[in-house]
Visitor: 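This is the structure, below, for whatever I ask next.
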Amino acid sequence: LKSYKIYRSDYALVCNDSFDIIKDACIVFDKNIIDIDTFENISKKYPNENIDYQGTNSVIMPGLINPHVHLEFSKNKTTLEYGNFISWLNSVIANREELIEGVDSKFLQIVLKKILKTGTTCIGAVSSYGFEFDACKKSPVKTVIFSEVIGSKAAMCDMLFDDFSQRVEQSIKLKDDKFIPAIAIHSPYSVHPILIKRALQKANDNDFVVSAHFMESSDEKEWLYKSSGNFKPFFENFLNQSNSLQTPEEFLNIFDNTKNCSFVHSVNASKEHLEKIKSKNHSIITCPVSNRVLTNSKLNIDNCDNINLAIATDGLSSNFSLSMFDELRSALMIHENKEPNDFAKELLKMATINGAKVLNLNNGSLETNKSADFLVCDFDSLLNENSIALMTILHTKYPKKVLIDGVEF
Ligand SMILES: [Zn+2]
């Protein structure tokens, strides 16, 4: 008894590095992709099989990967202040209790259902408390769960590390193919170097992927280099701390011997920081909407050549949507200097294969032996191959079908 299926579509966006498009494509899959080729070749190779045509102007593409989201802030709509990082941070602190109230497993299951419906098959969820574990475990969406460590006081390091370790151990107990433990370092301004070293040791010991916010605002840059600027009153008032813990260079150096690291935002990273990130094969995750609304800034993508660059929504604490298609549409508009058709292809790679590299997962492109995590989209008409990526981003709100490990949800 065979257990595989064959779908035929007018086009398949492979989302490999060269952004290949297969016209009149067939994908043979069970849990994994067994074969992908033209209808002509597949129908010869599998002569007696039932081939399920997905319709005129159908497009098959990999499921989207959102490698950086804070689910705990999923209740926020209009509570937080935007436009300035410190004002935002103060509004988060002032409204924290209210924001996380009612963010329980049941609520997060609904959030994850929406994420799935909008074509995201895989997320990297940053977790401060662990209260999204249950919802992520129950969802078909594949979750890399980043237990986050934060704390700048040397005297608190032992206590904070113990708390962090407990959350990591809890995630390890729940580990399966769709729930993968990982580690997040909050940022260079908020985590003591001792704590970072101990957390990275844990990541190295367990082969976890690692992520950290980095150079999100110009205030962060000023604080890290000069211990001055808008961060200063914040640190003095809340933490009785008047000097930065480390420079960005010292921070990046700590990650030298850790594999699979990604740095989120990096909009204020210098050419030297980007060189360092590239030389260590680390990745960058850009969150265009979050950067636009919090600090009115954007990553200079042209400076990120040869760095693995992924795209994410960040949390609803700094976005209006957790749909990756919404994020891709926004990214097209925010990066107004990029040629739309070519940039759309780059964006789809950022949202698929590059995200898979960040999370170290075996998906993100339609290639043999990868997980059968893919979408079927359909359109009224399709002009030509060159415009498919752009049209897919502009016109997909909900894909017609979303499959994870070959199962339709
Ligand atoms: Zn974030």
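Counting convention: from 1, in listed order, for ligands and their atoms alike. Worth saying up front: this structure is predicted, and the values here are computed from it rather than measured. Index from 1, following the sequence.
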Visitor: Going by chain and residue number, what protein N/O/S atoms come nearer than 2.8 Å to the Zn ion (ligand 1)?
Guide: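 Atoms qualifying: H68 NE2, H70 NE2, H213 NE2, D314 OD1.
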Visitor: Filter on ring pair (Phe, Tyr, Trp, His ring centres under 6.0 Å), then keep only pairs touching residues 381-409, sequence neighbours left out; what's left?
Guide: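 Residue pairs with at least one partner in residues 381-409: there are none.
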Visitor: Applying ring pair (Phe, Tyr, Trp, His ring centres under 6.0 Å) to H186 and H192, what does each step give before you reach the verdict?
Guide: CA-CA 10 Å; H186 181 263; H192 196 282; over 10 Å; no
Visitor: Side chains of residues 300-307: which donor-acceptor partners sit under 3.5 Å, not counting sequence neighbours?
Guide:
unit_1, atom_1, unit_2, atom_2, d
N300, OD1, D302, N, 3.1
D302, OD1, K338, NZ, 2.6

Visitor: Working to the nearest 0.5 Å, report the span between OG of S330 and CZ of R292.
Guide: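 Going from the OG atom of S330 to the CZ atom of R292 covers 10.5 Å.
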Visitor: With sequence neighbours excluded, what pairs up with S283 under the side-chain contact (heavy atoms from CB on, under 4.5 Å) test?
Guide: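 Once residues adjacent in sequence are excluded, the partners of S283 under the side-chain contact (heavy atoms from CB on, under 4.5 Å) criterion are S262, N308, V358.
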Visitor: On the six-membered ring of Y7, is K401 placed so that its NZ or CZ lies under 6.0 angstrom from the centre and within 45° of the ring axis?
Guide: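 The answer is yes; both the distance and angle limits are met.
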